[in-house]
There are 2 protein chains.
Amino acid sequence: MDQVEIFKALSNKTRLQILTWLKEPELHFPEQPNADFENVGVCVGQIQIKSGLSQSTISEYLSILQRADLINSTRVGQWTYYKRNKEGLKKLSNIINTEL
Amino acid sequence: MDQVEIFKALSNKTRLQILTWLKEPELHFPEQPNADFENVGVCVGQIQIKSGLSQSTISEYLSILQRADLINSTRVGQWTYYKRNKEGLKKLSNIINTEL
DNA sequence: TTGGTATATCGGGAAAAGTCGATATACATT
DNA sequence: AATGTATATCGACTTTTCCCGATATACCAA
C-alpha cells in the first residue's frame, strides 16, 4: 500500500472520525444483537447513521479506509462489519517515526 | 492545528519526499556554504531543484508543510531554509497511537 | 419466488488540490 | 539608485476529491 494513499485516507474529517469511533465502539454505538464489537466491529448502517452522510458515501469511505489497511471487514449475513486494523495503524506510526 | 490539515499536508508524494529528504539532508543535498543543515535546514532552491517541480509549487508546498507544523523555516539573508519540526512529528505519531 | 433489508457501485455536479507561468517582494551588491 | 538573485504570491487551468441520488447486488424470510 502506497504511503500517500494512507495519508489521503486520513485527510478527511469524517473518515478520521470513523477511526476514532471504531477505537471505542461501545462509547459511540448502540449494542448490536448477534455481533460483538471486539470480534467483528460495527456494521455500516450504524456508522452511516452516526456520520449523517449518505449510505453511498459511507460505504465508499469505508472501502477507502480498508484499502489503506486502516480497517478491515467481516461479512455476516446481510451485514458488513468494520473494525480497526491494529497492524495497519502500527505500521503507519512506524513510518512516521522512522521515515519522516 | 487541525488534524485533517496535517494529513492533507502528507497526502502528496512530493511533500512526503521533502520530509524524507529533510530527515537526512546530507544524503540528499549538496553542501551549503554558510548554512548548516542541522541548524537551519535546506534552502528552498535546493529542494526545488531536487523535486523537479516549479519554484512556485515548491514554495507553496513548503508553506503547507509548515502550516501543519511538520517543518519550520529560518530566513537568512535572501535565503529561506526549512528543516524538520521534530515536535510536530512526534505529536502526529502520538495522535495515531492514542486517538486512532 | 417474491419482497424486504443491507451494502456496493455508478454517474455526475460542486468544491478543493495540483501545478504552472507571471509578477511581486525582499534582500544583497555594485 | 540600479541590477541581480531568492522566495512568495497571484491568476488560471486541469485533475482529484467530496458527496449525492439512483441503481445493482447479496442475502434473508415468507
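Lettering of chains follows the sequences in order, A, B, ..., and the numbering in each one begins at 1. When reading the values below, keep in mind they use all heavy atoms of this one structure, side chains included, and skip hydrogens, waters and symmetry mates.
Of the side-chain N and O atoms in Asn12(B), none sit less than 4.0 angstrom from OP1 or OP2 of dA17(C).
Smallest separation of non-hydrogen atoms from Leu89(B) and Leu70(B): CD2-CD2, 3.9 Å. Val44(A) approaches Tyr82(A) most closely through the heavy-atom pair CG2-CE1, 3.5 Å. The two residues Ile47(A) and Trp21(A) have their closest heavy-atom pair at O-CZ3, 4.2 Å. Summarising the geometry of Lys83(B) relative to Glu38(B), their closest heavy-atom pair is NZ-O, 3.5 Å, with the distance given to 0.1 Å.
The line from CD of Glu60(B) to CZ of Arg67(B) is 7.5 Å long, rounded to the nearest 0.5 Å. Considering CZ of Phe37(A) and CG of Leu22(A), their distance stands at 10.0 Å, rounded to 0.5 Å. Between atom OG of residue Ser93(A) and atom CD1 of residue Ile95(B) there is a gap of 12.0 Å, rounded to the nearest 0.5 Å.
Proximity of residues 44-60 of chain A to DNA chain D (heavy atom under 4.0 angstrom from any strand atom) is restricted to Leu53(A), Ser54(A), Ser56(A), Thr57(A), Glu60(A). At a non-hydrogen distance threshold of 4.0 Å, Arg15(B) from residues 13-23 of chain B come into contact with DNA chain C.
Within the nucleic acid shown, Tyr82(A) comes within 4.0 Å of sugar-phosphate atoms alone, with no base atom in reach, counting heavy atoms only. Among the atoms of the strands shown, none is found under 4.0 Å from any heavy atom of Tyr81(B).
Ionic pairing of Glu87(B) and Lys90(B) is not present here: no N-O contact between side-chain nitrogen and carboxylate oxygen is shorter than 4.0 angstrom.
For the pair Asp69(A) (side chain) and Gly88(A) (backbone), a donor-acceptor distance under 3.5 Å is absent. Using a distance-only test at 3.5 Å, with no hydrogens or angles considered, a donor-acceptor pair links the side chain of Arg15(A) to the main chain of Lys8(A). One N or O on the side chain of Lys23(A) and one on the backbone of Leu100(B) form a donor-acceptor pair closer than 3.5 Å.
Regarding Gln78(B), its CD atom lies at a distance of 10 Å from the P atom of dC27(C), rounded to whole Å.
Both Lys8(B) and Arg75(B) lie close to DNA chain D; mapped to their nearest nucleotides by heavy-atom distance, the more 5′-ward contact belongs to Arg75(B).
Nucleotides of DNA chain D that come within less than 4.0 Å of any heavy atom of chain A span, from the 5' end to the 3' end, dT17(D) to dC28(D).
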